[in-house]
Protein chains: 2
Amino acid sequence: MTGYPHGMARQELTERAPGTERIQRKRGKRVKEIVETAAELFGEHGYDAVSLDDVAERLDVTKGSLYYYFPSKEELATAAIETLGDEWTARLERLAEQHEGGHAGLLRTLLHEHITIAVRDYPAALRLFLVPRAWPTAQADRIKELRGRHDAVFRRVIEAGVDAGEFTVTGVDTTLQCMHAAMAQSPLWCARLRGKARGNAISELTETLMMLVGQPPRTG
Amino acid sequence: MTGYPHGMARQELTERAPGTERIQRKRGKRVKEIVETAAELFGEHGYDAVSLDDVAERLDVTKGSLYYYFPSKEELATAAIETLGDEWTARLERLAEQHEGGHAGLLRTLLHEHITIAVRDYPAALRLFLVPRAWPTAQADRIKELRGRHDAVFRRVIEAGVDAGEFTVTGVDTTLQCMHAAMAQSPLWCARLRGKARGNAISELTETLMMLVGQPPRTG
DNA sequence: ACAAAATTTGACCCTGGAGTCAATAGATGA
DNA sequence: TCATCTATTGACTCCAGGGTCAAATTTTGT
């Protein structure tokens with residue numbers, strides 16, 4: 001009757017950490033496994049179409065076990081979006097910091113990286129993150145915040161490029177929305193492709209999106 | 001114990017039409033009402049999130065009544081997509097035929113019209129039609145066919161424009177996909193806007209998408 | 001080796017929603 | 001007005017799937 005149901009219990013967790021560090025790490029690892037599997041499935045088939053039994057089955061456990069870590073299906077989905085969304089937002093932010101060179105170069109890098117992550121690592125999860133209303137409405141706020149951070153990375157480059165006279169856009173927001181919409185779908189288009197064909201598709205999409213800021217496509 | 005359950009019974013319907021013409025028209029009208037209401041709801045909340053009770057309620061009838069016209073929820077959803085998809089595909093095809101002038105002009109018209117229909121008339125249904133996997137998988141084929149026709153309208157203009165040296169694209173398919181992705185989301189972005197603001201948003205989106213074929217945005 | 005803590009199980013409850021159907025109400029035409 | 005066809009109802013079945021929980025199993029620290 002002990003155990004720490006529903007994993008987090010966030011406040012207490014920081015005050016007097018239950019279990020040893022080793023156990024905590026182990027737990028964290030398990031949570032991550034669950035979250036990634038869930039994201040995979042939710043993104044692929046949609047929130048409603050995936051049952052917790054499905055998630056459990058893919059993990060070779062039972063539904064009940066999931067409830068040891070998450071209090072509800074909604075929380076699980078939200079955790080999935082938050083965790084993964086945070087991960088690659090951070091990655092893009094890092095790229096943006098490190099980069100030196102023109103704005104076009106940076107934007108191209110960001111787009112390419114973003115699409116690559118989406119297609120290669122999280123073919124499904126990205127859609128969850130980017131497509132409004134794909135997740136349970138109750139959680140919309142927590143996700144919106146994250147989405148804002150994500151947007152900001154792209155917004156900064158675009159605005160900088162426009163100010164520098166390098167880019168031409170009709171409206172920054174609209175441009176952003178178009179980019180997101182396209183990237184959110186990209187996993188579907190590239191799902192079947194492998195190896196070189198996939199790489200080409202990603203590059204082609206990147207170049208196409210660069211045109212949204214008035215950058216003529218590169219030859220090659 | 002008679003009646004013509006599940007409406008169509010397609011073969012027989014053409015051979016020996018049941019009921020008088022007047023009754024048939026009336027029936028068709030009812031079917032259309034149902035289909036439009038269903039499309040509205042499905043598109044807005046997603047297939048799974050909408051129950052037939054929801055659809056019935058909005059129509060001020062009972063679920064059982066829907067089953068008099070459609071054999072299943074899936075069939076209803078498919079009918080919704082087919083009917084509406086066919087309608088506006090036809091409208092775009094007509095526009096393309098009538099048009100005289102440059103390719104850029106035609107593409108701009110098509111985009112603008114398409115987004116306008118989406119936002120004004122069927123804020124929701126369009127997403128059903130354009131976003132892969134938003135509908136029950138069993139029906140995917142029937143919808144894909146329709147989607148093909150729809151794509152063709154845009155593909156023709158783009159290819160013509162490229163051949164004429166008016167447009168620059170990295171790849172026609174990729175360009176098409178980006179356009180569709182953006183248009184599919186447009187109702188979400190413009191949902192809250194009304195009147196002039198909405199018109200502006202639509203125009204801005206149109207101009208932004210024109211950039212995908214290398215057309216600099218118009219001022220104004 | 002053993003007790004306490006951490007994890008997993010599987011059987012169980014309960015609700016929402018798809019689909020059915022006999023009975024009823026409403027149209028229509030003779 | 002009556003008989004027949006059309007349309008609608010509402011009560012019903014059935015089940016997938018979210019969520020619960022006591023008991024069993026595994027892991028951990030001593």
Side-chain angles (χ1 to χ4, degrees), chain A residues 1-9 12-13 16-34 38 41-42 45-78 136 138-139, chain B residues 1-9 12-13 16-34 37-38 41-42 45-78 136 138:
Chain A
M1 192 247 172
T2 24
Y4 287 82
H6 305 152
M8 319 282 97
E12 305 192 12
L13 216 162
R16 46 184 168 93
T20 63
E21 285 312 304
R22 182 144 164 261
I23 286 179
Q24 281 303 305
R25 262 207 310 279
K26 194 176 161 192
R27 182 189 189 85
K29 217 174 155 185
R30 195 94 185 90
V31 167
K32 203 176 170 190
E33 278 173 26
I34 295 174
L41 287 171
F42 284 144
H45 306 287
Y47 179 77
D48 296 290
V50 173
S51 73
L52 288 185
D53 287 309
D54 293 336
V55 179
E57 190 186 0
R58 169 147 336 173
L59 283 162
D60 276 318
V61 291
T62 331
K63 186 173 53 172
S65 201
L66 300 182
Y67 279 91
Y68 181 68
Y69 296 95
F70 298 92
S72 69
K73 190 185 178 188
E74 290 213 346
E75 272 301 322
L76 173 53
T78 309
Q139 310 295 329
Chain B
M1 189 245 175
T2 24
Y4 287 83
H6 306 152
M8 317 282 99
E12 305 191 11
L13 215 162
R16 46 183 168 93
T20 63
E21 286 312 304
R22 181 142 166 259
I23 287 179
Q24 281 301 303
R25 261 208 309 278
K26 195 174 161 192
R27 182 189 188 84
K29 216 174 157 187
R30 195 94 186 90
V31 166
K32 204 177 170 191
E33 278 174 26
I34 295 174
T37 305
L41 287 171
F42 284 145
H45 306 288
Y47 178 78
D48 296 290
V50 173
S51 73
L52 288 186
D53 286 309
D54 293 336
V55 179
E57 190 185 359
R58 172 149 331 176
L59 283 161
D60 276 317
V61 290
T62 330
K63 186 172 54 173
S65 201
L66 301 182
Y67 279 93
Y68 181 68
Y69 296 96
F70 298 92
S72 70
K73 189 184 177 187
E74 290 214 345
E75 272 301 322
L76 172 54
T78 309

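In what follows, every heavy atom counts, from backbone to side chain, and hydrogens, waters and symmetry copies are set aside. Just so we're on the same page: letters track the sequence lines, and every chain starts at 1.
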Would you find a donor on one side and an acceptor on the other, under 3.5 Å apart, between the side chain of Thr62(A) and the backbone of Ser65(A)?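 Checking the backbone N and O of Ser65(A) against the side chain of Thr62(A), no donor-acceptor pair under 3.5 Å is found.
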Less than 4.5 Å apart, side chain to side chain, heavy atoms only: is that true for [X] and [Y]?
| X | Y | value |
| --- | --- | --- |
| Tyr68(B) | Arg27(B) | yes |
| Tyr69(A) | Leu76(A) | no |
| Lys32(B) | Lys29(B) | no |
| Val61(A) | Ile34(A) | no |

Once you round it to whole Å, what is the distance between [atom2] of [N] and [atom1] of [X]?
| X | N | atom1 | atom2 | answer |
| --- | --- | --- | --- | --- |
| Tyr68(A) | dA24(D) | OH | C1' | 15 Å |
| Leu41(A) | dG17(D) | CG | P | 13 Å |
| Asp60(A) | dT9(C) | CG | P | 9 Å |
| Leu59(A) | dT9(C) | CG | P | 10 Å |
| Glu21(A) | dT28(D) | CD | P | 14 Å |
| Ile23(B) | dT28(C) | CD1 | P | 7 Å |
| Glu57(A) | dG10(C) | CD | C1' | 15 Å |
| Tyr69(A) | dT9(C) | OH | P | 10 Å |

Does dA6(C) have OP1 or OP2 under 4.0 Å away from a side-chain N or O of Arg30(A)?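 Looking at the OP1 and OP2 atoms of dA6(C), neither is under 4.0 Å from any side-chain N or O of Arg30(A).
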Looking at dA7(D), I'd like to know if its phosphate oxygens (OP1 or OP2) sit under 4.0 Å from a side-chain N or O belonging to Arg27(B).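 For Arg27(B), the contact criterion (side-chain N or O under 4.0 Å from OP1 or OP2 of dA7(D)) is met.
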Give each protein N/O atom lying under 3.5 Å from an N/O atom of nucleotides 12-18 of chain C, with the pair distance.
| unit_1 | atom_1 | unit_2 | atom_2 | d |
| --- | --- | --- | --- | --- |
| dA18(C) | OP1 | Lys73(B) | NZ | 2.9 |
| dA18(C) | OP2 | Leu52(B) | N | 2.9 |
| dA18(C) | N7 | Lys63(B) | NZ | 2.9 |

Do you know the tightest heavy-atom contact between Thr37(B) and Val55(B)? CG2-O, 4.2 Å
Just checking, Lys73(B) and Tyr47(B): is the charged tip under 6.0 Å from the six-membered ring centre and within 45° of the axis?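 Relative to the ring axis of Tyr47(B), which defines the angle, Lys73(B) lies inside both limits.
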Within 6.0 angstrom of Glu57(B) CD, more than 12 heavy atoms from elsewhere: no
Assign each of Ser65(A) and Ser65(B) the nucleotide of DNA chain D bearing its closest heavy atom; nearer the 5' end lies the nucleotide of Ser65(B)
Drop me the distance from Lys63(A)'s NZ to Asp54(A)'s CG, to the nearest 0.5 angstrom.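 Reported value, rounded in 0.5 Å steps: 10.5 Å.
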Grab the N/O contacts between the protein and nucleotides 25-27 of chain D below 3.5 Å, and write none if there aren't any.
| unit_1 | atom_1 | unit_2 | atom_2 | d |
| --- | --- | --- | --- | --- |
| dT27(D) | O3' | Lys26(A) | NZ | 3.0 |

